[in-house]
Each structure stands twice: as structure tokens, then as C-alpha cells.
Amino acid sequence: MRTPCAAPPLDPERFRPDFPILGRMVHEGVPLVYLDNAATSQRPRQVIEAMTDAYERHYANVHRGIHTLSAEIDELYEGAREKVRAFINAPRDASNDDNPATTQEVIFTSGATHSINLVARSWGDANVRPGDEILVTEMEHHSNLVPWYQLAQRTGAVVRHIPLTDDGLLQLDSLDRLLTKRTRLVAVSAVSNVLGTINPVREIIRRAHDAGAVVLVDAAQSAPHQPTDVQAMDCDFLAFSGHKMLGPSGVGVLYGKRDLLEAMPPFMGGGGMISEVTLEGFRPLYLPGKFEAGTPPIVPAVALSAAIDYLGAVGLEAIAAHERLLTQRTHEVLESVGGLRIIGPAPEHKAGIVSFVFASGRPSGHDVAQFLDRYGIAVRTGHHCTMPLHKRFGVSATVRASFYLYNTLAEVDKLGEALAAAKRAPFSAFLSAARSE
Ligand code: PLP
């Protein structure tokens with residue numbers, strides 16, 4: 001039996017009409033239940049309209065011209081940068097003759113993957129030597145693993161991993177052993193995209209700094225769902241993507257401390273990132289332009305600004321509290337279905353992400369996801385770009401339900417009903433039914 005829940009602090013029904021896609025049917029009359037938010041979120045009308053408005057009324061290239069449209073788009077693009085700065089509470093810089101920019105520590109990229117690769121290439125190549133150590137965790141997304149493996153291949157450094165408990169928490173006591181005087185960088189996700197685990201990043205950062213290491217926080221799954229304060233966290237770098245936080249795909253953010261960014265060489269070369277080019281060479285531009293070679297994601301950045309406005313109006317604390325309720329209910333519902341193994345910690349340690357498998361191994365994750373789709377329920381299945389994590393838990397794939405501000409408790413109950421039906425259904429029967437339609 002389900003335990004009664006307190007009234008939700010946020011009413012998702014208030015927001016659902018803002019998201020046109022949530023009103024659509026799938027499979028002829030089955031309402032969509034979108035539980036794949038960790039892969040990418042949906043967008044409210046306000047964000048779609050911000051994109052349309054930018055294209056219809058203000059579009060030009062940025063930092064290139066003096067005509068009216070050029071000035072308007074510059075204002076929108078740099079306004080978006082300022083919006084991001086406030087969203088993560090990065091410091092505001094005083095402009096001076098050397099650098100007129102007041103938001104020097106926010107760099108627009110194409111996404112979290114690009115942001116992390118930028119640090120690995122630029123900071124990593126300049127600072128990491130043979131025998132140095134890079135510390136990651138066993139729960140990292142491939143985007144926060146592969147760039148460090150590549151850096152290790154280029155430099156002769158060694159990648160070490162913080163292990164996990166069977167509950168899916170970081171074994172923090174291992175830090176005493178793993179943080180050494182050779183540790184140059186610690187790269188850790190604030191929230192796991194599979195386990196949902198909320199990691200104690202502040203403690204990790206403090207201990208890493210005590211050991212003399214720099215810390216990159218992968219905030220791809222945290223920035224959209226809970227308040228972010230880079231100054232309180234004291235992280236050195238922070239990366240996230242627009243498309244997971246109601247914004248468009250194609251834009252992401254890298255925050256970096258100014259002294260680190262200033263000392264780093266540009267990652268890519270091209271237009272927009274130079275102050276002078278001669279036949280002999282070039283001088284890079286000041287921050288943040290130094291890291292934005294070529295035409296940046298202009299309109300996606302402008303729309304990300306609208307997404308931040310939307311999130312700000314709803315309130316990130318309220319979103320986090322709502323997702324805690326959904327996660328709690330999901331655990332209860334999955335337990336009442338029976339026969340399911342949840343991969344990850346208890347709800348009090350996690351954000352709005354719940355991954356699971358049928359403990360017997362059948363039906364498989366792929367078959368479950370296909371079955372759920374008949375009920376209109378969109379979940380993700382597979383390794384979710386975390387192969388080492390799946391290996392750690394002895395599974396090759398999980399089914400993942402992940403939530404956002406527009407998901408309802410009724411949708412979680414529907415997931416439970418569909419899983420109960422999947423459990424009851426003769427496996428071969430439901431798949432052939434799905435195939436015959
Ligand atoms: N880090 C985490 C924890 C993620 O969940 C993801 C995407 O799922 C990424 C990084 C990569 O994000 P993107 O594909 O937007 O670059």
C-alpha cells in the first residue's frame with residue numbers, strides 16, 4: 001500500500017499548459033507521459049517564442065557589426081550571459097581598459113560535453129604531466145570520463161576512480177587514499193544521471209582543494225533542478241547544458257574561475273577569439289571571447305535566458321521539492337509492483353531520477369521501455385552513457401524514469417500500473433502485440 005503523501009508544494013498542472021508537447025497524444029489517443037527529462041527536457045511556449053522572436057526580429061551575427069540588428073542581437077546575447085551569471089551566482093567583474101566585459105567567467109559552448117572537453121584540452125594539456133593523477137567517480141557520464149581518458153593518453157597521466165557503495169553513494173572515505181600530491185584535478189557530477197545520487201560536492205571540493213587539486217563539477221543533472229551557487233560551492237569549473245533545463249539544444253555553459261581561465265590557452269582558434277592576427281601569429285581576445293571561436297550558439301543562448309526566467313519564476317527550491325515527492329512516490333510504486341530492483345540510493349539521497357531493472361532479468365530494459373511506450377510513457381533504457389557504472393552494478397542496461405516540474409504524481413502511478421501490467425503479461429505475448437500494431 002502506498003503511504004499518503006503531503007500536498008505537493010508546486011502544482012505541476014499550473015505549468016503544463018505552457019508546454020505544447022505535453023498535450024499531444026501518442027499511439028492514437030494515448031496521452032504522452034514524458035519521463036525522459038534526464039535525457040532532455042521539454043520547452044515551454046515562452047522559450048519557443050523567445051527563439052522565434054530572436055529569429056523574426058533581431059537576428060544577425062554577434063560582435064561583428066554596427067548596424068541596428070547587430071547591436072540588438074549583441075544586447076540579447078550578452079544579456080543571456082549576464083542571466084546565466086546570476087543563475088549560478090558567478091562573480092560580476094569590473095570592466096576596465098583591458099577587458100570591458102563584466103561577465104568574464106561564463107563561456108557559451110554547445111553543451112556540457114563541449115564545456116568539459118574545453119577544460120580537458122585547454123587546462124589539462126597545459127597543467128597535467130606524466131604520472132599526474134585525475135580523480136573521477138565510478139558514476140560519471142562518459143562526457144565526464146572520456147575527455148579525461150583522452151587527456152591521460154596525451155599526457156601520460158593516470159585516471160583514478162572514487163568507488164561506490166552498493167547503495168550508489170560515493171565512498172568518501174576513499175578520498176584519504178585517492179587524493180594524493182599527484183592529484184591535479186577532480187571531476188565529479190553533482191547529480192548522477194542514472195542513480196540520481198546527489199553528491200556532496202562541497203565536501204569533495206574542500207578536500208580536493210586541501211590536497212592542491214582543481215575541481216570540475218558536471219552540473220548537467222543538477223543545474224536544471226536545484227539552485228547552483230558557484231561561489232558557495234567554490235568549484236573551479238562547472239559545466240551544464242541548456243537542453244536539459246527547458247532551453248534549446250546547441251547551447252551549454254562553462255563557468256571557470258577567472259584566474260584559471262585567464263591562464264588557459266584558447267581551445268579552438270578562429271574568428272571572434274582574437275584581438276590581433278598578423279602573418280606571424282595571433283594574440284587571443286580577453287575573456288570570455290577567447291573561448292568562443294567562430295559563430296556561437298546565438299539564438300539558443302537567447303532562448304536559454306528565457307528558460308532561466310521561467311525556472312526563476314517557478315523557483316528552483318520548489319522544483320527540487322516537487323521532484324523529491326515524485327521520487328519518493330516512484331520508489332513506493334515500484335516496491336508495490338514487486339520484482340523490481342532499483343539501482344541507486346534511497347529517495348532522501350537522490351534527485352528526480354529513478355533507474356531500475358526487473359530483478360530476474362526479464363523482461364529486459366529494452367522490452368520494458370517498448371511496453372511502456374504503448375501506454376504513452378516515455379522512459380530511457382540502455383546504459384545512459386555510463387558503462388562503468390552499469391558494470392559496477394552487474395547490469396548491462398537499466399530503465400530510467402526522470403522527472404521535471406511538469407510531471408505529476410498521477411503520471412508516476414500510471415508508470416506503476418504499466419509496470420504491473422508488464423510483469424503480468426506473458427512476455428512473448430506483449431511483444432508480439434506491440435509488433436502487430
Ligand atoms: N553529464 C551528465 C551527468 C549528463 O547526464 C549528460 C547528458 O546526459 C552530459 C554530461 C552530457 O550532456 P550533453 O550531451 O548535453 O553535452
Side-chain angles (χ1 to χ4, degrees), residues 21 24-28 30-42 113 138-143 145-146 164 168 192-197 220-221 243-244 249 326-327 330-331 333-344 350-404 407 411-437:
I21 204 167
R24 72 158 280 188
M25 301 287 154
V26 289
H27 305 302
E28 292 168 27
V30 182
L32 172 69
V33 175
Y34 188 76
L35 303 182
D36 196 14
N37 294 285
T40 197
S41 71
Q42 299 299 346
T113 303
E138 281 182 351
M139 66 170 77
E140 295 313 308
H141 189 282
H142 296 165
S143 291
L145 280 180
V146 179
L164 307 181
S192 157
N193 67 312
V194 175
L195 306 168
T197 311
Q221 297 293 349
H243 68 95
K244 294 183 198 286
S249 58
L326 295 169
T327 298
T330 307
H331 273 241
V333 158
L334 295 190
E335 272 153 31
S336 71
V337 170
L340 293 165
R341 174 184 169 207
I342 294 176
I343 312 281
K350 67 205 275 185
I353 295 175
V354 183
S355 295
F356 57 89
V357 290
F358 271 95
S360 66
R362 278 174 74 84
S364 69
H366 183 93
D367 292 334
V368 171
Q370 209 175 4
F371 188 77
L372 294 179
D373 184 55
R374 310 307 302 167
Y375 286 70
I377 302 173
V379 292
R380 175 97 180 256
T381 186
H383 54 66
H384 318 299
C385 299
T386 56
M387 284 176 143
L389 169 65
H390 278 72
K391 193 159 182 216
R392 162 67 181 80
F393 287 95
V395 289
S396 57
T398 49
V399 179
R400 179 181 70 186
S402 52
F403 307 114
Y404 216 171
N407 290 122
E411 289 181 314
V412 173
D413 291 346
K414 192 166 176 192
L415 171 69
E417 284 155 25
L419 285 170
K423 190 181 160 197
R424 282 194 309 271
F427 172 61
S428 53
F430 74 65
L431 270 191
S432 53
R435 269 195 295 270
S436 68
E437 283 176 34

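Numbering of residues begins at 1 and proceeds along the displayed sequence.
- Closest approach of Leu145 to Pro388, counting heavy atoms only: CD1-CG, 3.8 Å.
- Using a 4.5 Å heavy-atom threshold, the side chains of Asp373 and Val379 count as separate.
- For the pair Lys244 (side chain) and Ala38 (backbone), a donor-acceptor distance under 3.5 Å is present.
- Remark: side-chain polar atoms of Asn407 are not paired, donor with acceptor, to backbone N or O of Leu326 under 3.5 angstrom.
- Distance alone, capped at 3.5 Å, is enough to place a donor-acceptor pair between the Thr197 side chain and the Gly168 backbone.
- Under the 3.5 Å distance criterion, with hydrogens and angles disregarded, a donor-acceptor pair is assigned to the side chains of Thr113 and Ser143.
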Show your reasoning for whether side chain to side chain contact (heavy atoms under 4.5 Å, CB included) applies to Val33 and Tyr375. CA-CA 8 Å; Val33 175; Tyr375 286 70; over 6 Å; no
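- If you take OH on Tyr404 and OG1 on Thr40, they are separated by 10.0 Å, rounding to the nearest 0.5 Å.
- Contact between Lys414 and Ile377 at its shortest, heavy atoms only, is O-CD1, 3.8 Å.
- Across Leu419, Thr381, Asp367, a single residue satisfies side-chain contact (heavy atoms from CB on, under 4.5 Å) together with Leu372, and that is Leu419.
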Candidate pair Phe393 and Arg341, rule side chain to side chain contact (heavy atoms under 4.5 Å, CB included), full reasoning: CA-CA 11 Å; Phe393 287 95; Arg341 174 184 169 207; 3.9 Å; yes
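- A distance of 4.5 Å separates NE2 of His384 from OG of Ser355, quoted to the nearest 0.5 Å.
- Between Ser396 and His383, the closest heavy-atom pair is O-CB, 3.9 Å.
- Looking at every heavy atom in both residues, Ile21 comes nearest to Leu32 through O-CD2, 3.6 Å.
- No side-chain heavy atom of Val357 sits less than 4.5 Å from a side-chain heavy atom of Val399.
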Does the pair Lys423 and Val337 meet the rule for a side chain to side chain contact (heavy atoms under 4.5 Å, CB included), with working shown? CA-CA 8 Å; Lys423 190 181 160 197; Val337 170; 4.2 Å; yes
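- Side-chain atoms of His390 and Thr398 include a donor-acceptor pair closer than 3.5 Å.
- Taking CD of Glu335 as the reference point, atom OG1 of Thr330 lies at 11.0 Å (rounded to 0.5 Å).
- Between the side chain of Arg380 and the backbone N or O of Leu35, no donor-acceptor pair lies under 3.5 Å.
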Decide yes or no on side chain to side chain contact (heavy atoms under 4.5 Å, CB included) for Ile353 and Gln221, but give the supporting numbers first. CA-CA 9 Å; Ile353 295 175; Gln221 297 293 349; 3.9 Å; yes
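- The OH atom of Tyr34 lies 7.0 Å from the OG atom of Ser41; values are rounded to the nearest 0.5 Å.
- Closest heavy-atom contact between His142 and Met387: NE2-N, 2.8 Å.
- For the atom pair CZ of Phe356 and CZ of Arg400, the computed distance is 11.5 Å after rounding to the nearest 0.5 Å.
- Looking at heavy atoms from C-beta onward, Pro363 lies in side-chain contact with Phe358 at the 4.5 angstrom threshold.
- Scanning both residues, Gly352 and Thr327, for their nearest heavy atoms gives CA-OG1, 3.2 Å.
- Side-chain atoms of Asn37 come within 3.5 Å of backbone N or O of Ser402 as a donor-acceptor pair.
- Here Arg392 contributes atom CZ and Thr386 contributes atom OG1; the two are 13.0 Å apart, rounded to the nearest 0.5 Å.
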